Colleague: 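This is the structure I want to talk about, given as structure tokens.
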2 protein chains.
Amino acid sequence: MDTSSQSGSDKQTESARSFLPQPSNGICARLGDKWTIEVIWRLSLAEKRRLRFSDLKRKTDGITQRMLTLTLRNLERDGFVKRHYFPEVPPRVEYELTGLGAGILASLQGLNLWIRDNLPRIEESRQAYDDTGEQGNRFR
Amino acid sequence: MDTSSQSGSDKQTESARSFLPQPSNGICARLGDKWTIEVIWRLSLAEKRRLRFSDLKRKTDGITQRMLTLTLRNLERDGFVKRHYFPEVPPRVEYELTGLGAGILASLQGLNLWIRDNLPRIEESRQAYDDTGEQGNRFR
DNA sequence: CTGAATCCGATCTGATACTG
DNA sequence: CAGTATCAGATCGGATTCAG
């Protein structure tokens, strides 16, 4: 997991070639959606990894009904979430995180830990960039 | 960090709580950009993790000059890439992947391996969803 | 060679109203 | 309760043009 050191070595390319270049059929883009990760995460914390629509909406702060619906449709299509419809009155629908959905969450943890550890440095960098950059062009 | 009061406590939730809910200050969204990951990856494969603008553009198939510039600006701002400007004629600019940038690439590998292994299942799911869904509404 | 500026269509997101 | 439909603003990404 830790291949970050070694700077000047030209043979470092060997191990790096195993990395996938592709945006992986849009998976990363999907995860980058505004609500996708949080919705998966909320489901993973729920009892039996299941929540009904209204609960999910309440737990996911700030999400609109429309965006929750869209997010769930995409997750359902990719097989990360299973939809259970109960034809009652009023209707009840539960969304369940599949094994696939739980799996990607687990795989995401390494990245999230890295982000948690390095976010301060990133934000420093942003601060510095915004401060020094507001006066000059790119030719210096 | 924790906003919602939990209804049920399973054993499985215990380990899941360590996961970060937040889109992590836009990091995941940035990675989901159309070109970000590939640009980082191209730099990581280069000698001394450095490439000049035109080389990077040539290696990154399909990217426009504008998008490469924007992608690099964002990466530079976050501290993932360092820009080296040489005031020659014609001008030469090299971009170097920083330790930070290489680090996130390494952290991404777990996720990418998972995607590689599970993409077939995801695409099956998409196929099934698109096939069965085109006739009925959501109430079934 | 590097990169900024502009225009434009496509997509994303939110707000709102309506339906079974 | 769950979901759809519609509209509007914001952002994204591509094509093109101009400039240091």
Side-chain angles (χ1 to χ4, degrees), chain A residues 23 26 28-39 42-43 46 50-77 81-96 129 133-140, chain B residues 7 23 26 28-39 42-43 50-77 81-96 129 133-140:
Chain A
C28 287
R30 170 100 312 127
L31 294 175
D33 280 354
K34 188 165 183 181
W35 301 106
T36 298
I37 290 181
E38 179 164 1
V39 166
R42 293 292 176 190
L43 284 173
R50 268 186 173 216
L51 282 176
R52 52 187 300 180
F53 186 87
S54 49
D55 289 336
L56 201 41
K57 177 162 179 351
R58 196 162 1 84
K59 286 174 189 290
T60 309
D61 196 63
I63 199 172
T64 62
Q65 197 175 45
R66 172 185 144 81
M67 288 315 295
L68 180 55
T69 299
L70 289 178
T71 302
L72 286 170
R73 290 295 164 275
N74 287 328
L75 290 173
E76 189 189 357
R77 191 174 103 99
V81 158
K82 175 136 177 49
R83 180 178 182 268
H84 302 274
Y85 174 68
F86 302 92
E88 310 164 356
V89 275
R92 175 167 58 101
V93 179
E94 291 181 359
Y95 289 93
E96 179 189 11
Y129 184 91
E134 56 195 21
Q135 29 157 32
N137 61 26
R138 306 300 312 167
F139 295 100
R140 53 192 166 75
Chain B
S7 52
C28 287
R30 169 100 315 124
L31 293 174
D33 281 353
K34 186 165 184 181
W35 302 106
T36 298
I37 289 181
E38 179 163 2
V39 166
R42 294 291 176 192
L43 285 173
R50 268 186 175 219
L51 283 176
R52 53 186 300 179
F53 186 87
S54 48
D55 289 337
L56 202 40
K57 176 161 180 351
R58 194 162 5 81
K59 285 175 190 288
T60 310
D61 195 63
I63 198 171
T64 62
Q65 199 175 45
R66 170 185 147 82
M67 287 317 293
L68 180 54
T69 300
L70 289 178
T71 302
L72 286 169
R73 288 298 163 273
N74 287 326
L75 289 174
E76 190 190 357
R77 190 175 103 98
V81 158
K82 177 140 177 46
R83 181 177 182 269
H84 301 275
Y85 174 67
F86 301 92
E88 310 165 356
V89 277
R92 174 167 58 101
V93 180
E94 290 181 0
Y95 290 93
E96 179 190 10
Y129 183 91
E134 55 196 19
Q135 40 173 19
N137 61 24
R138 305 302 311 170
F139 295 101
R140 53 193 167 75

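Below, chain A is the first sequence line, B the second, and so on; all start at residue 1. Model, not experiment: these values are computed from the prediction.
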Colleague: From CG of B/Asp33 over to P of D/dG14, roughly how many Å is that when rounded to an integer?
Modeller: 11 Å
Colleague: Using side chain to side chain donor-acceptor pair (under 3.5 Å) as the criterion, list what pairs up with B/Glu96, not counting sequence neighbours.
Modeller: B/His84
Colleague: B/Arg30: which residues meet the salt bridge (Lys or Arg N to Asp or Glu O under 4.0 Å) condition with it, sequence neighbours left out?
Modeller: B/Asp33
Colleague: Scan residues 65-77 of chain A against DNA chain D and write down, sorted by residue number, each residue with any heavy atom closer than 4.0 Å; if none is found, say none.
Modeller: A/Gln65, A/Arg66, A/Thr69, A/Arg73
Colleague: To the nearest 0.5 Å, what is the distance between CG on B/Leu68 and CZ on B/Arg73?
Modeller: 9.0 Å
Colleague: In chain order, what residues pass the side chain to side chain donor-acceptor pair (under 3.5 Å) check against B/Arg92, with sequence neighbours excluded?
Modeller: B/Glu88, B/Glu94
Colleague: Once you round it to whole Å, what is the distance between P of D/dA2 and CZ of A/Arg83?
Modeller: 10 Å
Colleague: Which ones in residues 51-59 of chain B lie close to DNA chain C, meaning a heavy atom under 4.0 Å from one of its atoms?
Modeller: B/Arg52, B/Phe53, B/Ser54
Colleague: Distance check needed: D/dA2 C1' versus A/Glu94 CD, whole Å only.
Modeller: 13 Å
Colleague: Compare side-chain N and O positions of B/Tyr95 against OP1 and OP2 of C/dG3 and report whether any pair is under 4.0 Å apart.
Modeller: yes
Colleague: Rounding to an integer number of Å, can you tell me how far A/Glu88 CD sits from D/dA2 P?
Modeller: 10 Å
Colleague: Report the residues that fulfil side chain to side chain contact (heavy atoms under 4.5 Å, CB included) with A/Thr64, sequence neighbours left out, ordered by chain and then residue number.
Modeller: A/Arg66, A/Met67
Colleague: Going by side chain to side chain donor-acceptor pair (under 3.5 Å), name the residues that satisfy it together with B/Arg77, two or more places apart in sequence or in a different chain.
Modeller: A/Asp130
